[in-house]
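See below for the structure under consideration.
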Amino acid sequence: MFDAYKEIQSQFFHEIYQSVVENQRISHAYFIETKGFSDSENFVLSFAKFLLCSHHFTNFDACENCNLCHLVDEQIDSNLLVIRPEGLWIKKNQVEFVKNQFSRTTLNDTPQIYIIMGADKLNKEAANSILKFLEEPEKGIIAILVAENKYQVLSTILSRCQIHTLTHQEKNNIENDTFANLYSFLCRIEEEKEHTICYLRELWHEKYKNKETVMQAFQDLERIYLDILDFKVKGKTSYSNYLNDVKSIANNHSVEEIIRKIKVIVSTKEAIHYNANLSLLMDKFIIDYVGGVS
């Protein structure tokens, strides 16, 4: 239940408590930036349960045992729809399906909620469709848009949402040898630029030998660069052991260039699912990564 995140995501929890419970104000659209929070999907679903429950914070003892919670868990509650990418993208027909389903009047005062997991994966047509939905919100319909990084979501969509950023929870083993290797790899690329392709290929494949380890490495690379972006914009880092590296990379790049590199990392991560030749994929990543203007 949502109360389980009271300490872990205290800022979000208290903002929502004050808005929904104390002031009786529910936004028509929320955007949640997950920032690598490992339990983000369960968190979002618990938040949806909280909004759907007419008692909100008054029924903790019954929560998770009530009929509504069971319907949500089984994904058979007609008042809750969850959209995920089909392949690489969320498509217009998925957004239109939500509109059609929610065009029917609800039989009670329970709100209707749609969750878009991976809002950064909306293709152009789907993004335009959801934008119209957000611009003309209907009473009782609530949107929850979720993405790892808000900078990869259209600003026009963000401007129509109440934005919340989750607190990144570092795991005990986050600053381990693997993370050190990745920072070393990034620093070598930054120093040598395109010349790294001549000698880092073997170093990379020594450490990451199969699809699973490569995917994990790129997930960590994305988290590293999101942290670098935070440092560039807010002066804060989650990885204090690597402060000098974070500072060096952030100071040598514009915000636009950091975002470009995040996009390269994300597109490479997506390509791993479909590309069996990891060696060629890595070569392309380095070339794309060092491209552009720093």
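Note that the coordinates shown come from a computational prediction; the quantities given were computed from them, not determined experimentally.
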**OP:** Take atom NZ of K247 as the centre, draw a 6.0 Å sphere, and report whether it contains more than 12 heavy atoms from other residues, nucleotides or ligands.
**Re:**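 Check fails, neighbour count at 12 or below.
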Closest approach of [X] and [Y], non-hydrogen atoms and distance?
X	Y	answer
Q152	I262	OE1-CG2, 3.7 Å
D120	W89	O-CZ3, 4.3 Å
A4	I8	O-CD1, 4.2 Å
S40	T34	CB-CG2, 3.5 Å
Y30	V20	OH-CG2, 4.1 Å

Subject >> Side-chain ion pair, D227 and R223, N-O less than 4.0 Å >> reply: no
Original post:
Can you check whether F218 reaches E222 side chain to side chain, under 4.5 Å on heavy atoms?
Top reply: no
Subject >> Residue list, ring-ring contact (aromatic ring centres under 6.0 Å, His included) with F43, at least two apart or on another chain >> reply: F2, Y5, F12
Original post:
Distance only, no hydrogens: is a donor on one side chain within 3.5 Å (strictly under) of an acceptor on the other, for E96 and S129?
Top reply: yes
Original post:
Does the side chain of H164 pick up a donor-acceptor pair with the side chain of E33 at under 3.5 Å?
Top reply: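 Absent: no donor and acceptor within the cut-off.
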Subject >> Selection residues 135-162 - residue pairs positive for salt bridge (charged side-chain N to carboxylate O under 4.0 Å, His left out), sequence neighbours left out >> reply: E135-R160
Original post:
Regarding K236 and the six-membered ring of F231, is the cationic atom NZ or CZ under 6.0 Å from the ring centre and inside 45° of its axis?
Top reply: no
